[in-house]
Amino acid sequence: MEETITRIVTELEELRRSDNPSDPQIQPISDSTLSDLQTLLDIALSDDDPELMDRLYHELSSKSISLSNLVRPITSTMDLGRAHLALSASSVYLSLLLSPNSPVCTLFTPMAFLSLLQSIRRSLKHRPAGQSSHGSHVAGNKKRKGRSINQGSKNCAKNAIDEDCEGEEREFDIRVLFTVLERLELVIGLIHLDRFPDSLKSLVQTVAEIPVMGLEVCGNSGSYNKLTDLCSRILLKVFIPEHGDQANIAAEVLKSLSPMILQYKLQVRFFALGFVTNQMMSVAKTLEGVKKAVVNFPRYLVQKSPEKSEPRALAVESIMEVVRVMEFEDQIGFVDYVVKMTQGKASLRLLAVDLILALVTSLRDTLGLNSEIEVIDSLGFKCLEALIQRCSDSTAGIRGRALSNLSHLVGLLSSDERGRDVLKQVMGLGNASDKRPDSWVNEILMKRCMDEKAGVRKAALLLITKLIAILGSGFDGALLQTMGMACSDPLVSIRKTAVSALSVAFRTFLDERVATEWLHSVPRLIADNESSIQEECENLFLELVLERVSTVDSVSSLHDESVAKDTEMDVDLVFPEGVLCILKEICNGEVTPWVKKICTNLGKKKLMKPKFAISLQNIIRTSESLWLSQSLPIEKWTAPPGSWFLLSEVSAYLAKAVDWEFLNHHWQLFDKYGVGGEVQRPTAQGYAHEEEEGIDSNSVAWAGDRVFLLQTISNVSVELPSELAADLAHNMLKRIHEFNMHSTEVNAHVKALRTLCKRKASNPVEADALVEKWVDRLITEASTILEKYISGDSDAVGKADFFTPPRSETRKGKRVLAMSRSLSKAVTAVYTIGSVVIIYPSADMTTVIPLLYTIITSGNPDPKVNKLTGPEVSLKQTAPSLYIQAWLTLGKICLADGKIAKSYIPLFVQELQKSDCAALRNNLIVVMADFCVRYTALVDSYIPKITKCLRDPCELVRRQTFILLSRLLQRDYVKWRGVMFLRFLLSIVDESEKIRQLSSFLFNNILKVKAPLLGYNSFVEAIFVLNDCHAHNGHSNAQVSRAEGRLFSIRGNDENSRSKRMQIYVTLLKQMAPEHLLATFAKLCAEILAAASDGMLNIDDVTGQSVLKDAFQILACKEIRIPSNRGSPTDTGEMDEDGGDNSGASAKGRITQAVKKGLIQNTVPIFIELKRLLESKNSPLIGSLMECLRIILKDYKNEIEDILVADKQLQKELVYDMQKYEASKAKTTAAEAVAISKKAISFNSPGMSKIASLRHAQNKFSSKMQGDTQLASAMADAAAEATARSVLKEVNRGLQSPPLSALSVPKLKTCEGGRSARSDRPLDVLESVRRRQNFDLDEVN
C-alpha cells in the first residue's frame, strides 16, 4: 500500500505543479491513479480501518497538498473523461466520502456532486460497441456540407485525455454503474442537502431519468429491475428531514416522474407508477408533506396530460392508478376537482369526461349501490350530472366523448335492478322530487341525434340503444321520430347505428308507437345503396315481423276451444302482443312497397318458412271464428288489416303451405257478400248528395282483401288441379264482364285470370290464344258500354234542353240514379281496357281509340277536333272520373303502341299545361314519366314544359313531379342541361317540408356523387335566374319566356326573398371542393362585380341591384371561404368519420396562397372601381359593398399594406372607410342592445335600480362580444349615456336621492380621524341642484 500511496501523491504533485493560474481548466487524473485510489479505498471500506486513509491524508499534508487538490482532478475527470473513466472517477469520489474518518464537509462540493450526476448521465447515454456506428453514420450521411468529420472523431476531439479514440468504444459495464448507485445511496444518508437545493434538485431529476435512459443500456430484465430498485432506494432517501422541506422534495420527485408516467414505455411507466403508488404512499402515511404532494399529484398530471386521444387515455389510466390508492377523503376532493374541470377550457373538459368514466367504474361503490346512502349524496352522482351536462358541450369532440362514456356507464349500471334505479334517479326519470322535467333527457338525445357532427350523432344513437331498457314508458314519441330520421342519415355508419337502436327498441317494447316508427323507417332501407344495410334490413324484418307473426301458430287452436267457452273474448287478447299492430301498419301505403321488396328478396334467397303462411291463415281463421262465435253477421266481418296483404306476398314463395280449401272458402264468401262496384261507383258531379247508398268502410276493406286474395290465388295457381283452375277462371271472367268492380279488383282479376289461363293451357302458344280470346271479347263489350254511355249522355243533354216544363222529381231522381250507374259502369269499362292492354299489349284497339279521343275532346268548340258525333257538353265537367280514366287508358295504349304515342303525346303535354284538375295533372305526370322511359327522344323536347309542374299550386303534383324527374335524371333518361337544374333549385325552399327534405337529399347526397360540378358550372347563372334579371348583356336567356322566368324566380329585395335565395346559394356552395370555391369567387368578381363596374350589368335596374347585392352576400358568407387547417384537437379526427386527408395540408396551403394572389390581382381593384361607381350614383348598395369588403379583408389585415402597396393613399382611405363603417355598425348594434335592456328593466324586481339593470345588461352583452372590441366600446358608451340620461331624468323629476348610508359605498374616516358623522349636508347640496332649471333631454319615445 505504501507504493500505491506514493504513486497517488506523486501524480497529485505533478498535477499541482502543472496547474496554470491563467487557465481555469484542471487537468484530469490518470486512469492508473484512479485505479490505485479505488483499490486503496476498497480496502479501507472493507476493513473499516481508518489507519490506511490517515496515512494517505498524512502524506498529502506532508507534501502541502490539500484535499481540494485531490477532489478537483477527480471532478475534472468526471467532467471531461470518457464515459467509463468518468464513471470510475465517480466511484472514487463516492468512496472517498464513505471512507472511515472522511472529512465529508471538506470533500463534498456542489460542483463535484453535479459532475458526479453528469457522469452518470453520460455513462447511460454511451452506446455499446455493437450499436455505436450505424446510427451516427446514417445521420452523418444526411448532412453533407460541412460534415467531413464524423461524430466519433468529434467526441474524441472533446476529450482532454491523451489516449486513442478507439478506447471510446470500450464495452459498457453495467456493474460499475450499480456500484456507483449503491454508494450514492449511502452518501445521501451522510450529506445534508438542505443547504444545497440545486444539488438536491439535480439529484432527483437525474435519478428519475436513469430508468428511461437505462432501458436501452440494460441487456435483460434482471439488470433493469436492479437498476430501478436502486433508483427507488435513492429517491426514498431524499425524504429524510435532513434534506429540507419534505413537501417540496416530494413535489420535485413527482414532477420528475410525471413524464415517465405519461409516456408509452411500459417498463418505465410501471416503475414510476409503482414508486408513487407503493413507496411514496407508504412514506405519506407518516410524513404529512409527502402526503400533501401525492394528493395533489393527480391534479398536476391533469395539467400535463396530452390532448391526443391515445396519450390522453394513457394519462387517464395513470391518474386513476394514483387515485385508487388515495384515502377516501382525498378521492372526494379529486372528484370535486374533476367536476369543476368540466366547466374549464376545452382540453380540461375533454379530459374530465374521460376521468368521470374512470372514476365511476374504478372507485369502490361510487354510486352507493351496495350501501344505504342516498344516491344524491353518493360520490358518483355529481360525476354523472357533470357528464350529462357535457353532452351539450359547445365542442363537438367533447359532446361525442361524453355521450360515448355515458352510454358505457349506462351499459354497466343497467345490468341489475339497483343500478337501473340509480340511473333513473340521476337522469330524473320518474322522480317527482327532481326539479327538471321528465323529458329533459329525451330533449338532449333528440338534439344530439340531429347534431352537425357525425360522431356525435353516432354516440347519441348508441346511448339511446343502452337507455332503452331504462327509459321504459318514458320513451318519447319525438325521440322515436328522431331515431327514424337518423335511419336516412347520409353516412352509412350512422344509418346502421340508427337501425340498430330502433330495432332494439322494437325488440324490447311491443308498443304501437315503436312498431309504427320502425316499420316506417327501417323497411325502406331495402332500397339503400349499401348492400350490408339491405341485408340487415332483411334479417331484421325476418326476425321482428315474420317470426313474431309466426308465433300465432301456437294459438291456432283457439278458434276451436277458447272461442266456444268465451264468446266475449276480445280479438286483441287472442293473438300475441303486437302482432295485430304490426299487420295493421304493414298495409300502410308508405310501408307496403318496401315490404313487397323485402318479401321478394327473402323469397329469392329461400329464407321464407312455411310457418309464416300457416300462421297468417290461422290469424284469418281465428278472427272469423271469433266473429261468428259472437253471433255477428258475416258480411260485417273483416280480417285483421294487413293479414291478407302479407299472405299474398309470402304465398309467392310458399305455394304449398297455403290451403286451397281456405282460399276457396274465402273466395266464395267475398263473392257472395261483396257488394262489388255499387258502393264504389263514382258519382256524377253535383249529384253526390242523392246517393241512395253510402260507402261502407267494411266494403272498402272487403274490396282490398279480395284483391290480395286474388293475388294469393294467382301465386298458388301452379299447385291447383286443372279442373279447379278452369272453374276459377270461368268465375273470374264472369265477374270481369259485369264491370262493377273497384279498379284495384279489376287489375287483380285480370292478372289472376292470365295466370290461370297459363296454368290451364298445355303450352305457351295455347295460353296466348286463350288470353287473346277473352281479351278481344272483353274489349268489344267494354267498347259497347262506352259508346252507349257517350251517346246516352248526348241524348240526355238534348232531352233536357227540349223539355221546357219542369219534370217530376221522381222521374228526375230515377234518371239521375240510372245515369250514375251507367257512368260507374263506363268508368270501370275504360279502366278494364287499360288493365287488359298492360297484360296483352298486342290487343286490337281500333274501336277503343276513337271513343277515348271523343271523351278527351268532348265540348271542344273546334270543328276540326270533333270528327265523331259526340256530346256537345264536355265530359270533363259532367263526368270527371270518366275523363280522367280516359286519359290514363289512352296513356297505357300509347305505351303499348309507338305509332299511336307519336300522335298523342302532344295532346298529353297540352292537357298537362291547361288542366285545372290536380288529380288529372298528377296522373299525367306519371304517364309522361313512363313516356320518357319508353320514348325518350319524343319527350325530350317537352321536358321544360313538364318541369313547370315543379311550381304547381298543388303540393302532391309538385312532389310527384320532383320524385319522378329525379328518378329519370338518375337513370339518365333526362339530362341535367338547359333549365332543368335551375328549376330544381326552387325545391330547396319549397313551402312543403317533405319536398324540402327530398330536395336536400337530392342535392346533398345524390348530386354530390353523380354530378359534383353541376352546382359550380351553373352557380352564376343561377343568381340571374333566381332574381329574374335580364339587365346583363351576357345573361339574357331568350329561350325562356318572361312568364316562365317569373315562375321560376324569387324576385324581390325583401328579407324573405333574400333569405330563400341565400339558402339556395349556400346549398350549392357546400357541395363544392376548395378549388371550385376559389374559382366561384373569381367568377363572381369577374362576371357580376366587374360587369357592374364596366356597365354590362345595369345597376339602375331593380333586378340588377338584387343580383349585385346577392353577389356581395355570397362573397361575404362563410361557406365560400376555403376551410383552414386550424382547429382544436378536441374537434379533430376522433369525431368525424369522414374526416379530411392529412396529406392535403400542403395543397390547402397552396390554395391559400392562390386566394391571396387572386385577391390582390382581381378582387380589390374591382371593389375599388365599383365603390367609386356606386358613390357617384349615391347607391344604397355601398353599405353591402363595405360589409363584404370588410369581411373579405378581415383575414388579411396584416397584408393590406402589401395588397395596396402601389397606392398608399387608397390604402388609407379604404382602411378609414372600413373602420368608420365598423364603428357606425357597432354603435347601431349597441343602441339596439341598450334598447332591449331597457325593455327588460320593466321585468326586474322592484328593488333593483335602473342603473344597476343597465350595468347588468352591459355586462351581459359584453360577455357575448368579447372578441369585438369596437362593439364592446360602443356598448359601453351607449350604456354610459343611458345611465346619464336616467340620472338627469330623476333630477328633473325632483326625486330625492337616497342617503349615502343606504348606498353601497366605502366608508371613509373624517379628517379628525373619527368615524364619519351623519349629517344632512349632502341633502342640502342636492336640494340646491334640484332648484336649477331642467336639463334638455333628447329622449326617443
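Everything numeric here is computed off the predicted structure, so don't read it as measured data.
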Practice task
Assess whether atom CZ of Phe270 is packed by more than 12 heavy atoms of other residues, nucleotides or ligands within 6.0 Å.
Solution key: no
Problem - Glu242, CD: over 12 other non-hydrogen atoms inside 6.0 angstrom - result: yes
Measure the spacing between [atom1] of [X] and [atom2] of [Y] and express it to the nearest 0.5 Å.
X: Leu94; Y: Leu181; atom1: CG; atom2: CG; answer: 9.0 Å
X: Leu355; Y: Tyr337; atom1: CG; atom2: OH; answer: 10.0 Å
X: Ser123; Y: Met78; atom1: OG; atom2: CE; answer: 12.5 Å
X: Met53; Y: Leu96; atom1: CE; atom2: CG; answer: 5.5 Å
X: Leu193; Y: Ser199; atom1: CG; atom2: OG; answer: 6.5 Å
X: Arg72; Y: Met111; atom1: CZ; atom2: CE; answer: 12.5 Å

Side chains of [X] and [Y]: is there a donor and an acceptor less than 3.5 Å apart?
X: Glu252; Y: Asn248; value: no
X: Asp36; Y: Thr4; value: no
X: Ser91; Y: Thr179; value: no

Does [X] reach the side chain of [Y], with side-chain heavy atoms less than 4.5 Å apart?
X: Leu97; Y: Leu107; value: yes
X: Gln38; Y: Asp42; value: yes
X: Leu350; Y: Glu307; value: no
X: Phe275; Y: Val253; value: yes
X: Arg390; Y: Gln343; value: yes
X: Val302; Y: Val338; value: no
X: Asp330; Y: Val294; value: no
X: Glu310; Y: Leu314; value: no

Practice task
Determine, stepwise, if the pair Leu37 / Ile74 fulfils side chain to side chain contact (heavy atoms under 4.5 Å, CB included).
Solution key: CA-CA 10 Å; Leu37 272 172; Ile74 296 175; 4.2 Å; yes
Taking all heavy atoms of [X] and all of [Y], pick out the closest pair and write down the distance.
X: Pro298; Y: Phe334; answer: CB-CE1, 3.5 Å
X: Leu87; Y: Val180; answer: O-CG2, 3.8 Å
X: Gln331; Y: Met326; answer: NE2-O, 3.3 Å
X: Val268; Y: Pro211; answer: CG2-O, 3.8 Å
X: Thr77; Y: Arg122; answer: O-NH2, 4.5 Å
X: Cys383; Y: Val360; answer: CB-CG2, 3.9 Å

Problem - Ionic contact status for Lys292 with Asp245, cut-off 4.0 Å - result: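 Salt bridge flag = no for Lys292 with Asp245.
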Handout entry: Salt-bridge contact Asp229-Arg233 (side-chain N to carboxylate O under 4.0 Å)
Key =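 Yes, Asp229 and Arg233 are salt-bridged.
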Practice task
Please assess Glu317 against Arg269 for the test salt bridge (charged side-chain N to carboxylate O under 4.0 Å, His left out), listing each intermediate value before the final yes or no.
Solution key: CA-CA 11 Å; Glu317 183 181 345; Arg269 182 170 167 269; 3.7 Å; yes
Checking the side chain of [X] only, and the main-chain atoms of [Y] only, is there a donor and an acceptor separated by less than 3.5 Å?
X: Thr286; Y: Val283; result: yes
X: Gln246; Y: Val290; result: no
X: Thr277; Y: Leu273; result: yes
X: Thr342; Y: Ala386; result: no
X: Arg401; Y: Leu351; result: no
X: Ser46; Y: Ile43; result: yes
X: Glu59; Y: Thr6; result: no

Practice task
Evaluate side chain to side chain contact (heavy atoms under 4.5 Å, CB included) for Met280 paired with Leu235, printing each intermediate quantity in order.
Solution key: CA-CA 9 Å; Met280 286 197 70; Leu235 289 175; over 6 Å; no
Handout entry: Passing candidate, ring pair (Phe, Tyr, Trp, His ring centres under 6.0 Å) with Phe113, options Phe108, Phe196, Tyr93
Key = Phe108
Practice task
Decide side chain to side chain contact (heavy atoms under 4.5 Å, CB included) for Leu254 and Tyr300; before the verdict, give the C-alpha distance in whole Å, the side-chain angles of both, and the deciding distance to 0.1 Å.
Solution key: CA-CA 9 Å; Leu254 293 172; Tyr300 178 79; over 6 Å; no
Problem - Lys304 and Lys255: CA distance, side-chain angles, deciding distance, side chain to side chain contact (heavy atoms under 4.5 Å, CB included) verdict - result: CA-CA 10 Å; Lys304 295 297 181 181; Lys255 181 180 178 181; over 6 Å; no
